[in-house]
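Below: the structure, in structure tokens.
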Amino acid sequence: MMSFSELDRKFMQTALDLAWQGRFSTSPNPRVGCVIARGEQIVGEGFHVQTGLAHAEVNALKQAGSLALDATAYVTLEPCSHTGKTGPCAQALIEAGIKRVVVAMPDPNPQVSGKGIKMLEQAGVNIESGLFTLQARELNLGFLSRQERNKPYIRLKIAASLDSKTALSNGQSQWITSNAARNDVQTLRAESCAVLTGINTVIADDPLLNVRRFTTLRQPVRIILDSQLRITPAFHVIQDTNSPTLIVTTIRDKAKHAVFAPYPHVSVVTMPPNQHGQIELSELWPILVQRNIGLILAETGATLNSALLASQAVDEIIYYQAPKILGSSARNAIELPENQEALNESEWQSVDLRLLGNDCRWTIRHEQSASWLKGSLL
């Protein structure tokens, strides 16, 4: 186990904070931050802003200039060793004369994994790794899940009353939660690669499912699960051309697909139906991974909420609870069979609890997802 100084911890924390600044824009690339320091002084900082642009190390080196010679670089993810849309960061660090590199975690991407560290070591750079690894993994839930599990990391968003109701019996559901909670959902969308919902929600609410309360460099993909292809071009997710839309269906009728041809932002993916005539969720996730979708925010109704939970697809639930009571006949957030085992031991772990306006935001993570994140299932 390597021993790190308080100064090392301070600079790596700064690198993590820098990486977080790219949370709305780096997808499908990972969020990465870099700090270059000489002694107690930071001489260069950088983070990856957007795919195709310079990586964090290059931005930090540019700021440091000649002061990078014999300095230490703190990087939240192993520097890349291959040439893609940009050059190899490991080589850039070597050419700048960096003498020591502290890495929070290795890169699970097979193109990089271990190769960046090896390149640096072969050039005589002192490499130390493992500082704030868990924090670095938390930064890149979607990227890591794609690489390590061939599955997106799925957050299920639920906004409900104190008695866990999402709408009145007639379907009316507007403004259960506060403006602060709704703003927070916009932030979650912006952080995500995609927002997923079902056709029932589209028909009932005609949502836009985009980020519109602040400016962002990219919009998440809207994924609509529509096994019988009931969606039409009249809905907002088709009419709004600013966000890409992916329709997933079991219907192969080319004539029905053709109605979406005038909308270049819309794609249709066809999957074979399962025994119930529905989309097989477990087979959908690798397809989305192939499309570089790593972090999904699911905003759905009780039927799809329950299907996602029953299939063990959900990694995290973000539960917005308003101090309102809608009554027993109102619509439930989740409708699953009685679970007697839950009385003894929960499958879920509390991660965060905070107030947003007059509402409570509770974040819980499935125990298997928590174990994976900590590395015990790798």
Side-chain angles (χ1 to χ4, degrees), residues 23 27-28 30-31 77 104-110 113 130 132-158 160 164 188 191-198 223 225 248 274 278-300 302-321 333-354 361-378:
R23 68 191 184 279
S27 175
R31 303 156 180 166
L77 186 69
M105 60 169 289
D107 190 332
N109 182 348
S113 187
F132 292 159
T133 300
L134 185 57
Q135 292 90 328
R137 287 180 65 81
E138 287 274 3
L139 265 176
N140 286 302
L141 297 170
F143 174 75
L144 294 176
S145 188
R146 265 200 305 124
Q147 299 289 343
E148 297 175 353
R149 305 191 299 175
N150 198 35
K151 170 192 175 295
Y153 189 93
I154 299 175
R155 286 172 164 166
L156 178 60
K157 183 223 89 177
I158 295 175
S164 298
L188 288 180
E191 290 177 5
S192 304
C193 300
V195 178
L196 179 146
T197 197
I223 303 172
L225 303 190
V248 183
N274 62 17
Q278 301 295 318
I279 294 162
E280 186 57 55
L281 294 174
S282 62
E283 294 180 9
L284 172 61
W285 311 135
I287 293 172
L288 298 182
V289 164
Q290 290 173 5
R291 290 173 171 261
N292 288 326
I293 293 173
L295 181 60
I296 290 177
L297 179 66
E299 299 188 47
T300 73
T303 300
L304 189 49
N305 283 349
S306 302
L308 289 166
L309 288 164
S311 67
Q312 299 279 297
V314 178
D315 295 291
E316 199 169 281
I317 299 174
I318 299 181
Y319 198 107
Y320 298 91
Q321 192 164 42
I334 300 168
E335 293 181 345
L336 287 171
E338 186 175 76
N339 181 11
Q340 186 174 349
E341 293 180 5
L343 291 174
N344 303 317
E345 190 172 358
S346 175
E347 297 178 323
W348 301 90
Q349 302 175 2
S350 294
V351 174
D352 182 61
L353 188 63
R354 66 184 74 171
R361 186 185 109 156
W362 183 22
T363 304
I364 58 176
R365 182 173 289 157
H366 196 276
E367 59 182 5
Q368 290 185 353
S369 304
S371 296
W372 158 73
L373 191 61
K374 293 174 183 176
S376 60
L377 294 184
L378 298 181

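Just so it is clear, the structure is predicted and the values come from calculations on it, not from any experiment.
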Between atom [atom1] of [X] and atom [atom2] of [Y], what is the distance when rounded to the nearest 0.5 Å?
X: Q368; Y: L373; atom1: CD; atom2: CG; result: 13.5 Å
X: H366; Y: I154; atom1: NE2; atom2: CD1; result: 12.5 Å
X: L295; Y: R23; atom1: CG; atom2: CZ; result: 12.5 Å
X: I279; Y: L225; atom1: CD1; atom2: CG; result: 5.0 Å
X: T303; Y: Q278; atom1: OG1; atom2: CD; result: 9.5 Å
X: L156; Y: I334; atom1: CG; atom2: CD1; result: 6.5 Å

Can you see which heavy atom on [X] is nearest to which on [Y], and at what distance?
X: W348; Y: L309; answer: CZ2-CD2, 3.7 Å
X: A307; Y: L281; answer: O-CD1, 3.9 Å
X: I293; Y: A194; answer: CG2-CB, 3.9 Å
X: S346; Y: E367; answer: O-OE1, 3.9 Å

Are the side chains of V195 and I223 in touch, meaning some heavy atoms are under 4.5 Å apart?
no
Under a 4.5 Å cut-off applied to non-hydrogen side-chain atoms, are S27 and F143 in contact?
no
Donor-acceptor contact present, side-chain [X] to main-chain [Y], <3.5 Å:
X: D107; Y: L77; value: no
X: S145; Y: G294; value: no
X: T197; Y: E299; value: yes
X: S306; Y: A302; value: yes
X: T363; Y: V351; value: no
X: T133; Y: A104; value: yes
X: N140; Y: L144; value: no

Take I158 and T300 through the side chain to side chain contact (heavy atoms under 4.5 Å, CB included) test and state the conclusion after the steps.
CA-CA 8 Å; I158 295 175; T300 73; over 6 Å; no
I364/Q349 under side chain to side chain contact (heavy atoms under 4.5 Å, CB included): CA gap, chis, key distance, verdict
CA-CA 5 Å; I364 58 176; Q349 302 175 2; over 6 Å; no
Report the residues that fulfil ring-ring contact (aromatic ring centres under 6.0 Å, His included) with W362, sequence neighbours left out, ordered by chain and then residue number.
none
Apply side chain to side chain contact (heavy atoms under 4.5 Å, CB included) to residues N305 and V314 and explain how you reach the verdict.
CA-CA 9 Å; N305 283 349; V314 178; over 6 Å; no
Establish, for the pair R146 and W285, whether the NZ or CZ atom is under 6.0 angstrom from the six-membered ring centre and no further than 45 degrees off its axis.
no
Just grab all the side chain to side chain donor-acceptor pair (under 3.5 Å) pairs involving residues 308-317, residues at least two apart or on different chains.
R149-D315, K151-D315, Y153-E316, R155-E316, D315-S369, E316-R365
Report the residues that fulfil side chain to side chain contact (heavy atoms under 4.5 Å, CB included) with S164, sequence neighbours left out, ordered by chain and then residue number.
Y319, Q321
N-O pairing of R31 and E138 below 4.0 Å:
no
Dump the intermediate steps for side-chain hydrogen bond (donor to acceptor under 3.5 Å, both in side chains) on W372 and E148, then the final yes or no.
CA-CA 9 Å; W372 158 73; E148 297 175 353; 2.9 Å; yes
N339 vs L336, test: side chain to side chain contact (heavy atoms under 4.5 Å, CB included). Steps then yes/no.
CA-CA 8 Å; N339 181 11; L336 287 171; over 6 Å; no
